[in-house]
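Here it is, the structure, as structure tokens.
This one's a predicted model, so the numbers in the text were calculated from it and none came from an experiment. Below, all heavy atoms of this structure are taken into account, side chains as well, without hydrogens, waters or symmetry copies.
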Amino acid sequence: MEAVTKQAELYLAQLDKELSKFPLAVEAEKKTKVPKTYIALGASFVILVLVFFNVWGDLITNLIGFLYPAYQSFKAIESSNKQDDAQWLTYWTVYGFLNIIEFFTDTILFWVPFYHLFKTGLLLYLFLPQFQGASVIYSKVLRPYLVSNEKGIDAEISKVKAKATSAASGILNAAANLHNE
């Protein structure tokens, strides 16, 4: 039991060190006189309960999958390090593909118990640096598929682009004709 307590204290110390990098967490600790680790763990627990019972599950999981990665992407763009750029581009590629899959399977996934809890776990796996899950899924699933189908995908994109350009041109011409009348 002592080993578990020591390990928990170590994790709390690491979390406190990480939270100290965020002025909002430091300010919340000062104002509430509650350790920032407890505030973060409490907020995480509340979010977990909301997702578990599917209270705003869709909203919360989408925010989890978007807010932190978007901020980290901003930091990656602003840094001179190209490795973090690749990490976040990979995340957004995998995230996009998962969103497309989810769109078409949403009516089925709605019936899966605790779906949003699983989705939250998957999103954390994808973007947390400890796991680098987006890189794993990209290299083992998406990249092989995209490389083998790249020419066909490019051809279809060109067709759609040509049709969209033609349709937009037709709409503009029709609008100009109406205006001239």
Exercise for review: Determine whether Ile153 and Val147 fall in the same hydrophobic cluster, where Ile, Leu, Val, Met, Phe, Trp and Tyr are linked whenever their side-chain heavy atoms lie under 4.5 Å apart.
Suggested key: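 No, Ile153 does not connect to Val147 through the hydrophobic network.
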Exercise for review: Compare every heavy atom of Ile47 with every heavy atom of Ile60, then report the nearest pair and how far apart it is.
Suggested key: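 Shortest heavy-atom contact: CG2-CG2, 3.6 Å.
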Review point. Can you tell me if Ser169 uses its side chain to pair, donor with acceptor, with the backbone of Thr165 under 3.5 Å?
Key: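 Not confirmed, Ser169 side chain does not pair with Thr165 backbone.
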Review point. If two hydrophobic side chains count as joined below 4.5 Å and joins carry through other members, does Phe118 share a cluster with Leu59?
Key: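 The answer is yes; both residues are in one hydrophobic cluster.
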Check your understanding: Mind checking whether Leu15 and Leu41 have side chains closer than 4.5 Å, heavy atoms only?
Key ->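 Result yes, sub-4.5 Å side-chain heavy-atom pair found.
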Review point. Which value, rounded to the nearest 0.5 Å, describes the distance between Tyr95 atom OH and Ile100 atom CD1?
Key: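 Spacing of OH (Tyr95) from CD1 (Ile100) equals 12.0 Å.
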Review point. What are the two closest heavy atoms between Trp88 and Ala76, and how far apart are they?
Key: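 Result for this residue pair: CD1-CB, 3.9 Å.
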**Study point:** CG-OG distance between Asp85 and Ser73, expressed to the nearest 0.5 angstrom
**Key:**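 The OG atom of Ser73 is 9.0 Å from CG of Asp85, to the nearest 0.5 Å.
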Practice item. Could you walk me through whether Phe127 and Gln72 pass side chain to side chain contact (heavy atoms under 4.5 Å, CB included), step by step? Key: CA-CA 10 Å; Phe127 70 68; Gln72 291 301 319; over 6 Å; no
**Study point:** Residue pair Pro144 / Ser139: nearest heavy atoms and the distance that separates them
**Key:**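 For Pro144 and Ser139, the tightest heavy-atom pair comes out as CD-O, 3.4 Å.
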Check your understanding: For the atom pair CD (Glu102) and CD1 (Ile108), what is the distance rounded to the nearest 0.5 Å?
Key ->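 The CD1 atom of Ile108 is 12.5 Å from CD of Glu102, to the nearest 0.5 Å.
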Check your understanding: Does the side chain of Gln7 pick up a donor-acceptor pair with the side chain of Tyr11 at under 3.5 Å?
Key ->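 Judged by distance alone, the side chains do pair up.
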Practice item. Treat each ILVMFWY residue as a node, draw an edge where side-chain heavy atoms are under 4.5 Å apart, and state whether Tyr38 and Phe22 are in one component. Key: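 No; tracing contacts between hydrophobic side chains, which count when under 4.5 Å, never links both residues.
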Exercise for review: Apply the test side chain to side chain contact (heavy atoms under 4.5 Å, CB included) to residues Leu117 and Asn54: give CA-CA distance (whole Å), side-chain angles for both, the deciding distance (0.1 Å), then the verdict.
Suggested key: CA-CA 8 Å; Leu117 190 62; Asn54 198 17; over 6 Å; no
Exercise for review: Please assess Asp16 against Lys36 for the test side chain to side chain contact (heavy atoms under 4.5 Å, CB included), listing each intermediate value before the final yes or no.
Suggested key: CA-CA 7 Å; Asp16 186 63; Lys36 56 188 165 293; 3.1 Å; yes
Exercise for review: Kindly indicate, with the supporting measurements, whether the criterion side chain to side chain contact (heavy atoms under 4.5 Å, CB included) is fulfilled by Phe131 and Leu128.
Suggested key: CA-CA 6 Å; Phe131 304 114; Leu128 286 176; 3.9 Å; yes
**Study point:** Gln87 and Ser135, any side-chain heavy atoms less than 4.5 Å apart
**Key:**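 They are not in side-chain contact.
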Review point. Heavy atoms, side chains only, cut-off 4.5 Å: are Leu98 and Leu122 in contact?
Key: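 Contact flag for Leu98/Leu122 side chains = yes.
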Exercise for review: Could you pull out the closest heavy-atom pair between Leu126 and Ile137, with the gap in Å?
Suggested key: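 Looking at all heavy atoms of both residues, the closest pair is CD2-CD1, 3.5 Å.
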Check your understanding: Just how far is it from atom CG of Leu12 to atom CG of Leu19, taken to the nearest 0.5 Å?
Key ->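 Spacing of CG (Leu12) from CG (Leu19) equals 10.0 Å.
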Check your understanding: Cluster question for you: counting only ILVMFWY and a side-chain heavy-atom cut-off of under 4.5 Å, with indirect links fine, are Leu50 and Ile39 together?
Key ->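 Shared cluster, no.
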Practice item. Using atom types as modelled and distance alone, determine if a side-chain donor or acceptor of Asn149 lies under 3.5 Å from a backbone N or O of Tyr145. Key: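 Indeed, once roles are kept as given, a pair shorter than 3.5 Å links the two residues.
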Check your understanding: Phe45 and Phe52: same hydrophobic cluster, using ILVMFWY side-chain contacts below 4.5 Å?
Key ->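 Per the 4.5 Å side-chain linkage, Phe45 and Phe52 are co-clustered.
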Practice item. To the nearest 0.5 angstrom, please state how far the CD1 atom of Ile101 sits from the CG atom of Asp106. Key: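 Answer rounded to 0.5 Å: 13.0 Å.
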Practice item. Given salt bridge (charged side-chain N to carboxylate O under 4.0 Å, His left out), test Lys159 with Glu156 step by step and report yes or no. Key: CA-CA 5 Å; Lys159 287 179 191 176; Glu156 290 301 316; 3.3 Å; yes
Check your understanding: Are Tyr115 and Phe110 an aromatic pair by the rule of ring centers under 6.0 Å?
Key ->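 Not close enough - the centres of the two rings lie 6.0 Å or further apart.
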**Study point:** Sub-4.5 Å side-chain heavy-atom contact between Lys119 and Val51
**Key:**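 No, side chains not in contact.
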Exercise for review: For Gln83, look at atom CD and say whether over 12 heavy atoms of other residues, nucleotides or ligands are found less than 6.0 Å away.
Suggested key: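 Counting other residues, nucleotides and ligands, CD of Gln83 stays at 12 neighbours or fewer.
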Practice item. Taking the side chain as every heavy atom from C-beta outward, state whether Val141 and Val94 have any pair of such atoms under 4.5 Å apart. Key: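 No, side chains not in contact.
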Exercise for review: Have a look at Trp92 and tell me which of Tyr138, Phe97, Phe66 forms a ring-ring contact (aromatic ring centres under 6.0 Å, His included) with it.
Suggested key: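 Passing option: Phe66.
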Exercise for review: Determine whether the side chains of Asn81 and Lys75 contain a donor N or O and an acceptor N or O closer than 3.5 Å.
Suggested key: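 Asn81 vs Lys75: no donor-acceptor pair found between side chains.
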Exercise for review: Please report the shortest heavy-atom distance between Tyr91 and Leu123, naming the atom on each side.
Suggested key: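 Scanning both residues, the minimum pair turns out to be OH-CD2, 3.9 Å.
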Exercise for review: May I ask you to decide if His116's main-chain N or O and Thr120's side chain share a donor-acceptor pair within less than 3.5 Å?
Suggested key: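 Side chain of Thr120 to backbone of His116, a donor-acceptor pair under 3.5 Å: yes, one is there.
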**Study point:** Shortest non-hydrogen contact from Ser79 toward Asp84
**Key:**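 For Ser79 versus Asp84, the nearest heavy atoms are OG-OD2, 2.8 Å.
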